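Input: a single structure, listed below in structure tokens.
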Number of protein chains: 2
Amino acid sequence: MSTLNKNIGLIGFGVVGQGFYSYLEENKEEKLLPKIVIKNNNKERDEVKAKFITEADEVINDKSVETVVELISDDKEAFDIVTKALKAGKNVVSANKKMIANNLEKLLELENKSKGRFLYEGAVCGSIPIIRTLNDYYSLDTVTQIQGIFNGSTNYILTQIFKDNVSYQESLAKAQKLGFAEADPTSDVSGSDALYKLLILTTHAFGKFISPSKVLKIGIQNITDSDIAFARENNLKIKLIASVKSNNNKLWLSVLPTFITNDSVFYNVDNEFNAVEVVSESIGKQTLIGKGAGSLPTGQVIYSDYKAPENYKYKYDKILSGKRIKYETQEFIWVYSDKITQFEKYIEEVVIINKSEGYAKVSIADLIKIQEELLDEKLSLIALTDEALKQLNKKYEFAYALQYA
Amino acid sequence: MSTLNKNIGLIGFGVVGQGFYSYLEENKEEKLLPKIVIKNNNKERDEVKAKFITEADEVINDKSVETVVELISDDKEAFDIVTKALKAGKNVVSANKKMIANNLEKLLELENKSKGRFLYEGAVCGSIPIIRTLNDYYSLDTVTQIQGIFNGSTNYILTQIFKDNVSYQESLAKAQKLGFAEADPTSDVSGSDALYKLLILTTHAFGKFISPSKVLKIGIQNITDSDIAFARENNLKIKLIASVKSNNNKLWLSVLPTFITNDSVFYNVDNEFNAVEVVSESIGKQTLIGKGAGSLPTGQVIYSDYKAPENYKYKYDKILSGKRIKYETQEFIWVYSDKITQFEKYIEEVVIINKSEGYAKVSIADLIKIQEELLDEKLSLIALTDEALKQLNKKYEFAYALQYA
């Protein structure tokens with residue numbers, strides 16, 4: 001194939017697009033990128049050799065273009081672009097986690113019919129090569145759990161809360177000022193962004209497509225000063241943990257602010273860093289930690305997707321294996337609240353620490369039912385890891401005993 | 001190519017070879033492995049479908065064999081096998097870190113002339129896909145540092161020392177009993193094994209070949225009870241850290257027992273786990289943690305090397321970039337000893353804590369000169385990370401002040 005047919009069509013030129021561009025420059029490949037599609041041609045932009053245009057179709061239908069790199073923020077437009085590009089037989093690289101999480105099943109059908117391929121390492125945890133690791137190394141292993149810190153903005157906010165002894169609101173404001181959180185931080189602080197990533201990994205690790213609307217998701221917006229004080233008193237940190245666990249062909253998922261003990265690998269994963277822990281039967285536990293966002297860290301995985309070996313595609317072995325796995329919500333977890341007594345009718349067991357403060361065993365299914373209400377009523381709930389539960393039980397065994405006396 | 005030409009020749013059937021074999025079974029590929037080369041045909045073995053033979057040449061010269069998987073322990077024999085196999089145009093997979101660290105430059109020449117390829121993910125940190133990560137994601141980035149826990153046996157020993165409050169000798173004995181350390185643990189506890197891995201990563205990250213004999217290497221054999229007591233008193237752990245740092249086209253390397261503060265990502269990397277931290281200009285800090293050894297964890301990366309995409313080879317971009325980088329030993333580090341005063345003539349600065357106990361600034365070059373002597377005289381030295389130095393300086397500032405008053 002002549003290099004004439006190897007051009008790139010870049011759609012979107014925000015932070016990540018510019019990072020991707022800088023790797024093309026570094027490797028003297030800018031000449032392969034004649035056109036960049038942008039929304040608004042009136043913005044001032046750094047000088048680049050490509051021509052700025054506003055019609056995505058112009059690069060999708062361009063016969064000289066082999067790879068379409070889609071890096072826009074609107075998920076519906078992105079889906080339209082990726083669909084058209086795969087239908088036109090292009091290789092497609094995307095980083096749009098919301099679009100992918102909501103449409104992965106359809107996208108794989110499109111890829112199967114296309115002579116192009118669809119890669120999207122940049123959609124999950126920025127610089128961390130977790131999709132390729134799952135694809136290349138776990139095809140014959142049985143994954144039992146994936147959990148981690150999948151959102152850099154919330155991790156930055158939570159880190160500052162514990163470092164600088166500030167409230168959630170103060171920390172959010174600082175993160176926004178420094179560019180670690182968006183002007184509208186909803187998708188991050190609500191846990192949606194982490195959930196999209198979790199669902200993409202769930203497809204790779206368990207061969208299952210699950211709709212975001214069906215999964216328990218509690219964000220960090222309602223974390224109170226007393227939650228923070230309680231964590232500090234007990235040498236715990238709060239992290240927003242996304243988790244998928246499997247057992248006996250059943251699958252449980254959640255995104256929850258969670259108390260972490262200081263012997264957890266996540267305890268020192270601070271600021272804008274992300275972490276992914278994969279537990280599997282043969283390999284055991286494997287953890288990857290790296291920057292979850294940013295122009296160059298994410299631009300680099302986009303670049304590596306563009307440069308992937310000619311016959312490299314994601315294999316989706318877990319879908320192909322045909323193993324039936326069922327999404328479940330009948331599972332209990334332990335959660336802490338300074339107003340735990342408000343959840344009375346959902347509680348299986350409870351340890352009251354002081355007045356309304358305590359921690360309780362509740363079902364995922366019940367929490368899904370009330371998650372919207374929690375948000376509206378500004379009630380906070382912090383989940384406990386097994387280790388955090390053990391640590392608290394040790395300290396509050398007297399309170400515990402009281403309950404069951 | 002017909003499947004007849006796609007056979008595997010497995011040489012060596014120890015722990016890792018058996019792990020590799022179990023993945024072939026899992027994927028119903030045992031039929032591709034007609035023969036396994038072993039040293040001693042009299043040992044009792046698990047039933048496998050392959051025929052056991054004792055002549056490596058028989059598989060190397062077999063036209064039906066496309067991939068030779070070399071998993072023997074002797075490094076000289078292994079080099080001979082890999083050389084012949086590459087010359088015969090086979091794809092070669094190896095996990096022999098000593099053989100590779102000592103011969104990588106020659107091996108790459110052989111690979112360049114061969115129609116086969118040479119992959120060896122299993123040689124560095126077991127299940128952690130660090131070579132592929134460096135190869136696939138760091139070609140356009142400037143790596144400035146790689147450090148980590150590269151040896152599972154020593155990490156297991158050190159973990160037990162801190163967990164069970166036992167001496168080095170007791171912990172070693174337990175590790176041997178449980179199979180986490182070899183009957184002859186020299187290569188592990190002396191730091192050699194970690195050093196070989198460090199040198200392989202140095203070639204991938206910096207494009208440099210360095211002989212093991214030239215690098216500062218202190219093992220964990222001489223760690224004293226008072227070193228351990230000092231660590232515990234100061235909330236530190238001791239980890240065997242392998243490190244390569246670059247600055248201004250210069251490169252420093254070391255393998256040293258090191259005091260780690262509890263905010264380090266390595267602090268909770270315990271037991272047989274390994275960790276690799278890569279710092280680079282664009283991506284920032286990235287850490288991979290996983291099992292560093294074991295039949296299935298290592299067998300799995302061997303299997304993935306065998307299954308790598310058809311045109312996948314390591315690129316060695318950093319060698320090809322032609323950037324000249326110089327190996328240096330003129331650099332100072334801080335080390336602790338309960339007999340620090342014995343090192344008087346090498347000391348630049350010192351903080352005396354109590355009698356002969358303290359920590360001092362010494363040069364890597366001087367330590368290389370005396371490393372053999374240290375070993376013979378059973379003297380221990382524990383390096384300090386920047387954070388550990390800061391923490392100790394804070395506590396012992398009065399002692400410090402005494403020195404310079």
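Residue numbers start from 1 in every chain, and the chains themselves are labelled A, B, ... in the order their sequence lines are given, proteins ahead of strands. Just so you know, these numbers come straight off a predicted model, no measurement behind them.
- In terms of non-hydrogen atom pairs under 4.5 Å with chain B, the most contact-rich of A/Ile128, A/Leu296, A/Thr287 is A/Thr287.
- Side-chain atoms of B/Ile8 and B/Phe20, non-hydrogen and from C-beta on, do get closer than 4.5 Å to each other.
- Around atom NZ of B/Lys49, no more than 12 heavy atoms belonging to other residues, nucleotides or ligands sit under 6.0 Å away.
- Of all the listed residues (B/Leu288, B/Asn274, B/Leu140), the one sharing the greatest number of non-hydrogen pairs under 4.5 Å with chain A is B/Leu140.
- Using cut-offs of 30° and 60° on the angle between ring planes, the pair B/Tyr316 and B/His204 is tilted.
- Counting non-hydrogen atoms of neighbouring residues, nucleotides and ligands closer than 6.0 angstrom, the NZ atom of A/Lys285 reaches no more than 12 such neighbours.
- For the set A/Glu310, A/Arg132, A/Lys307, A/Glu281, the entry with the most heavy-atom pairs within less than 4.5 Å of chain B is A/Arg132.
- Within a 6.0 Å radius of NZ in B/Lys315, other residues, nucleotides and ligands contribute more than 12 heavy atoms.
- When the candidates B/Glu121, B/Gln300, B/Glu26 are compared by the number of heavy-atom contacts under 4.5 Å with chain A, B/Gln300 comes out ahead.
- Atom CD1 in A/Ile130 sits 7.0 Å away from atom OH in A/Tyr138 (nearest 0.5 Å).
- In terms of non-hydrogen atom pairs under 4.5 Å with chain A, the most contact-rich of B/Tyr267, B/Tyr312, B/Tyr303, B/Tyr23 is B/Tyr23.
- Within the 4.5 angstrom heavy-atom criterion, no atom of B/Glu277 approaches chain A.
- For A/Asn262, the part lying near chain B is the backbone, with the side chain staying farther off; criterion is any non-hydrogen pair under 4.5 Å.
- If you tally non-hydrogen atom pairs under 4.5 Å between each of A/Gly19, A/Gly290, A/Pro297 and chain B, the highest count goes to A/Pro297.
- For the atom pair NZ of A/Lys6 and CD of A/Glu66, the computed distance is 4.5 Å after rounding to the nearest 0.5 Å.
- In terms of heavy-atom pairs under 4.5 angstrom with chain A, the leader among B/Gly294, B/Ser264, B/Ala308 is B/Ser264.
- Interface summary for chain B: among A/Gly284, A/Gly126, A/Pro129, the most heavy-atom pairs under 4.5 angstrom belong to A/Pro129.
- Looking at heavy atoms from C-beta onward, B/Phe273 lies in side-chain contact with B/Lys291 at the 4.5 angstrom threshold.
- Ranking A/Ser282, A/Ala275, A/Ser280, A/Pro309 against chain B, the residue ahead of the rest is A/Ser282, based on heavy-atom pairs under 4.5 Å.
- For a residue to count as touching a neighbouring chain, one of its non-hydrogen atoms must lie under 4.5 Å from one of that chain's; by this rule B/Ser127 touches chain A with backbone and side chain alike.
- There is no contact between B/Ser22 and chain A, counting heavy-atom distances below 4.5 Å.
- Panel note: side chain A/Asn151, backbone A/Ser153; a donor-acceptor pair is recorded below 3.5 Å.
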